[in-house]
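As the structure lists them, so they are numbered: ligands from 1, and atoms in each ligand from 1. Any value given below was found using the heavy atoms of this structure, including those in side chains, with hydrogens, waters and symmetry copies removed. Just so you know, these numbers come straight off a predicted model, no measurement behind them.
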Amino acid sequence: MNVLEKIKSSITYCDGGAGTLLQSWGLKAGEKPEMWNITNPDKIIKMHRQYLDAGAQIITSCTFGANRLKFDNLEEIVSAAIRNAKTACNGHDAYVALDIGPTGKMLEPLGDLAFEDAISIFSETIRIGANAGADLVLIETMNDSLEAKAAVIAAKENCNLPVFVTCVYDETKKLMTGADPAAMIAMLEGLGADAIGINCSLGPKQMLEIVPEFIKNASVPVIVNPNAGLPRTENGKTVFDVDADEFADIMCEIVKAGATIIGGCCGTTPEHIAKTVEKTKNLPFTLPEEKNLTVISSYTHAVKIGDAPIIIGKRINPTGKKLFKEALRRNDINYILNEGIAQNKKGVSVLDVNVGLPEINEAEMMVNVIKALQAVISLPLQIDTVDPVAMEQAMRIYNGKALINSVSGKEESIKSVFPLVKKYGGVVIAVTIDENGIPDTADGRVEIAKRIISRAKDYGISENNIIVDPLAMAVSSDSRSANVTLEAVKTLHAMGIKTSLGVSNISFGLPSRPDVNATFYTMAMQCGLDCAIINPFSVEMMKAWYCFMALTGKDENCADYIEFADALSPVVTQSTTKADTSLDGCIISGLKDQASIAANELLKTLSPLEIIDTMIIPALNTVGKGFEEKKVYLPQLLMSAQAAKEAFDAIKSSIPAGGNSKGKIVIATVKGDVHDIGKNIVKLLLENYCYDVIDLCKDVSPEKIVDTVKAENVRLVGLSALMTTTVPAMEETIKLLRKAAPECRVMVGGAVMTDEYAAMIGADNYGTDAMAAVRYAEKIFG
Ligand code: B12
């Protein structure tokens with residue numbers, strides 16, 4: 001039986017954590033366990049055997065961190081790891097999973113690792129592991145959806161092994177970079193993962209609460225590998241509190257909730273697995289049902305198509321737009337971002353992205369626009385192009401499961417689009433046109449739709465991943481045209497096939513087009529239309545949509561309609577398409593270039609400090625609050641921080657440089673902390689007051705600070721920390737400074753700091769803001 005047959009026939013047991021066992025056999029803190037595949041193979045084999053004896057049927061190779069960024073001898077390590085696991089399996093009916101953990105670097109735009117480089121890093125490990133004889137690839141502990149996507153693509157491109165993927169969710173049921181389970185399931189099932197689930201970070205009790213989200217959305221078997229409880233620190237050591245018995249009891253509940261592939265992660269031992277096997281083995285085995293959902297996703301959430309009509313914003317498209325075309329020629333991505341942000345504010349669910357212009361490189365532009373949009377907007381995108389190269393590159397880089405516009409009934413189109421949909425996942429809009437043109441009857445269009453769907457199945461793409469666009473044609477040139485389209489929508493809807501329309505074609509050549517469009521839109525929704533590509537700045541169209549939602553009972557208590565109607569003041573109905581370009585607006589939206597322009601503009605009327613205090617800091621506070629409330633995601637937080645930095649840089653150049661130095665001051669954001677905006681303001685002000693500032697930047701080790709203080713004979717140090725978790729690093733730095741340079745004074749600051757904290761960790765002074773740093777420096781240097 002291969003592993004895919006196995007997971008579909010009974011509960012399948014994975015192994016548990018490696019760390020606890022290996023440490024008890026001599027693995028030192030900081031030593032890389034992967035090396036033990038070569039230096040201590042007997043112990044690695046012994047660990048695997050203990051798990052196999054406990055009942056594990058899938059054991060994971062000791063290759064979690066095995067990638068070329070961390071090891072020069074990758075080939076040797078990975079082959080040895082698979083060999084050790086296979087040796088351990090002798091005499092056991094078990095499978096070896098090639099374990100793939102995160103690269104350890106953040107992907108762009110959050111970090112500096114390019115998406116294709118991530119794919120290449122994973123590919124190398126996967127090729128070696130597959131050649132060495134692994135039975136499956138287990139991609140685990142992923143906390144970023146884009147990195148998970150890179151790993152799955154690498155697996156699919158480099159081997160034919162089954163691919164299992166588990167990610168790390170926090171207690172708010174989201175990945176670090178924002179994705180919820182439904183979004184991850186949509187993307188990973190689209191990419192062809194064979195089993196999907198959760199591991200690490202949480203204990204079984206917390207995971208039990210997430211399992212229903214998986215069962216509700218997944219069609220493939222669900223994996224649950226919890227830690228032995230929530231990790232906590234005791235005397236500098238990480239400890240886990242859930243013992244084998246309690247663990248196994250909760251795992252019973254997890255199996256009852258629908259998970260069928262189970263094991264453990266950090267802190268779990270062979271005993272945890274043995275107890276789990278013993279207590280769960282006689283429980284009923286039920287696989288998740290095939291969901292047949294039509295669902296797309298972004299890097300934060302999934303959008304299900306079919307419940308209520310969905311608006312696809314159509315304004316990122318150069319057709320008939322002079323300014324847009326010029327922006328594309330100028331490579332003005334900000335113009336496009338503004339269109340996206342403004343449509344997002346209007347409440348669309350998906351953004352159409354079309355950047356096709358004969359004179360530009362569409363594929364390159366498409367990729368850049370998708371990256372830029374996904375850095376600041378969390379809506380799913382519709383990739384709208386007829387260029388197969390642009391389509392493939394966009395689908396590859398897209399963080400989620402995209403909507404694709406479009407495939408037609410022409411064989412040429414089918415042959416170029418469907419292999420991409422099969423490989424990358426996606427929901428594709430099928431337009432009812434073929435080699436013979438557009439049929440002028442509803443039946444003719446439905447026939448093409450059926451043929452496209454049947455051809456999709458030949459490629460292994462299911463009907464739920466196809467949305468049919470039966471095409472709206474100008475009613476001014478054929479008075480039957482609206483009826484034909486509506487009839488086709490109705491028939492397709494009755495067949496359970498999802499539909500979409502580009503609505504505004506219908507009014508071509510007529511006066512007062514928005515009224516015609518809106519009426520047609522309402523009629524189409526009444527026939528069951530699922531999606532429409534519309535201009536969300538058309539008040540008529542939005543009225544049609546809000547009214548329809550209210551009238552069909554899809555808007556509870558008509559609340560959305562009332563809010564919409566209230567906002568329809570004469571000013572709003574001017575349908576301005578401008579995003580907010582005030583400085584705080586730019587920072588909140590994460591628009592870097594515009595933040596810089598806005599800051600320069602403000603300098604004409606405000607002082608640099610006024611801008612910092614009344615614009616930059618409040619905007620960052622708004623974003624920070626949104627982040628805390630999980631309304632803003634890490635990528636957006638990062639873009640806001642970059643926008644603040646741009647504004648800050650603009651202001652900096654207009655502050656006059658100080659005179660002769662009054663003294664030397666070292667400043668740094670402490671180890672483990674990368675927040676440096678506040679520290680930079682402190683630096684700016686100190687320099688402004690004629691101090692010679694040695695800026696050690698961020699994430700600075702205590703040793704480096706001490707060395708600099710000694711080498712430069714410095715009398716004052718300013719330390720910044722913004723996280724509760726980095727206050728200990730500040731304390732450590734102060735301790736070292738006291739020993740090495742007792743005469744040196746230390747002032748501290750940063751959002752988490754308070755007077756009490758500062759006293760507790762032995763600082764000489766606490767400053768609430770940058771001015772306080774200057775005042776203290778004046779005191780020290782006289
Ligand atoms: C921007 C930002 C980021 C940016 C940082 C970019 C950069 N280059 O700095 C990015 C996106 C990278 C980021 C990442 C993370 N962040 Co952050 N981030 C923020 C945010 C929104 C604003 C911080 C800021 O710049 N404020 C504006 C500046 C001007 O204020 P300030 O630093 O306090 O400085 C002023 C004073 O304190 C003082 N001061 C500062 N230093 C010093 C030093 C001295 C000597 C003196 C006298 C005075 C002084 O003067 C300054 C001017 O008046 C805050 C939320 C918030 N509103 O504070 C969260 C926040 C700090 N981040 C947080 C978290 C959790 C994270 C992440 C862990 C997220 C994640 N899950 O990965 C990572 C951490 C990465 C790391 N290892 O450090 C949490 C911290 C929670 C906590 N209490 O521990 C916060 C509070 C958000 C939240 N509520 O959850 N973040």
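If you number the atoms of ligand 1 from 1 as listed, the ones under 4.0 Å from a heavy atom of Ile681 come out as 29 (C). In the vicinity of Val752, heavy-atom distances shorter than 4.0 Å reach the ligand 1 atoms 83 (N). Listed by number with element, the atoms of ligand 1 under 4.0 angstrom from any heavy atom of Leu719 are 43 (C), 44 (C), 45 (C). Atoms of ligand 1 found under 4.0 Å from any heavy atom of Ala641 (numbered from 1 in listed order, with element): 1 (C), 4 (C), 6 (C). Near Leu722, meaning under 4.0 Å from any of its heavy atoms, are these atoms of ligand 1: 23 (C), 32 (O), 61 (C), 80 (C). Annotation for ligand 1: atoms under 4.0 Å from non-hydrogen atoms of Ala773 are 47 (C). Those atoms of ligand 1 that come under 4.0 Å of a heavy atom in Phe627, given as number and element, are 69 (C), 87 (C), 88 (C), 90 (O). Near Ala751, meaning under 4.0 Å from any of its heavy atoms, are these atoms of ligand 1: 33 (O), 37 (O).
Here the heavy atom of the protein found nearest to atom 34 (O) of ligand 1 is Gly678 CA, 3.3 Å. Among all protein heavy atoms, the one lying closest to atom 17 (Co) of ligand 1 is His675 NE2, 2.3 Å. If you check which protein heavy atom lies closest to atom 57 (N) of ligand 1, you get Asn621 OD1, 3.1 Å. For atom 40 (C) of ligand 1, the nearest non-hydrogen atom of the protein is Gly750 N, 3.4 Å. At the shortest separation from atom 67 (C) of ligand 1 among protein heavy atoms lies Met723 SD, 4.3 Å. Looking at atom 72 (O) of ligand 1, its nearest protein heavy atom turns out to be Leu634 CD2, 3.7 Å. When hydrogens are left out, the protein atom nearest atom 52 (C) of ligand 1 is Ala770 N, 4.0 Å; that is the closest non-hydrogen contact. The shortest contact between atom 46 (C) of ligand 1 and any protein heavy atom is with Gly749 CA, 3.7 Å.
Within the structure, ligand 1 lacks Asp613 among the residues with a heavy atom less than 4.0 angstrom away. Ligand 1 is never approached by Val623 to a heavy-atom distance shorter than 4.0 Å.
Relative orientation of the Phe214 and Tyr169 rings is perpendicular, given thresholds of 30° and 60° on the angle between their planes.
Closest heavy-atom approach to atom 8 (N) of ligand 1 among the candidates Thr724, Asp676, Val670: Asp676.
By the definition of a contact as any protein heavy atom under 4.0 Å away, atom 79 (C) of ligand 1 is not in contact. Inside a 4.0 Å radius of atom 76 (C) of ligand 1 there is at least one protein heavy atom. Atom 54 (C) of ligand 1 is never approached by the protein to below 4.0 angstrom, counting heavy atoms only. In this structure, atom 27 (C) of ligand 1 has protein heavy atoms in its sub-4.0 angstrom surroundings. In this structure, atom 6 (C) of ligand 1 has a protein heavy-atom contact shorter than 4.0 Å.
Defined by atom type and a distance below 3.5 Å, a donor-acceptor pair is missing between the side-chain atoms of Thr669 and Asp676. A donor and an acceptor atom, one from each side chain of Asn199 and Thr141, are located under 3.5 Å apart.
Here Asp649 pairs with Lys645 in a salt bridge; the nearest charged N to carboxylate O distance falls below 4.0 Å. The pair Asp699-Lys671 does not count as a salt bridge, with every side-chain nitrogen at least 4.0 angstrom from each carboxylate oxygen. In this structure, Lys174 does not pair ionically with Asp180, as no charged nitrogen and carboxylate oxygen lie closer than 4.0 Å.
For the pair Glu108 and Leu113, the minimum side-chain heavy-atom distance is 4.5 Å or more. Residues Asn600 and Ser596 have side chains in contact (heavy-atom distance under 4.5 Å, counting atoms from C-beta outward). Residues Val666 and Leu696 have side chains in contact (heavy-atom distance under 4.5 Å, counting atoms from C-beta outward).
The shortest N or O to N or O distance between Asp769 and ligand 1 is not under 3.5 Å.
Within the 4.0 Å heavy-atom criterion, the part of Val748 lying near ligand 1 is the backbone and not the side chain.
Residues Phe781 and Tyr691 bring their aromatic ring centres within 6.0 Å.
Under the side-chain contact (heavy atoms from CB on, under 4.5 Å) test applied with Ile651, the options Ile616, Leu609, Ile681 reduce to a single match, Ile616.
Annotation: cation-pi pair Lys32/Phe71 present, NZ/CZ under 6.0 Å from the ring centroid and within 45° of its normal.
Going from atom CG of Leu379 over to atom CD1 of Ile341 covers 11.0 Å, rounded to the nearest 0.5 Å. One finds the CG atom of Leu685 at 10.0 Å from the CZ atom of Arg775 (value rounded to the nearest 0.5 Å).
When every heavy atom of Ala721 is checked against every heavy atom of Val752, the shortest pair comes out as O-CG2, 3.4 Å.
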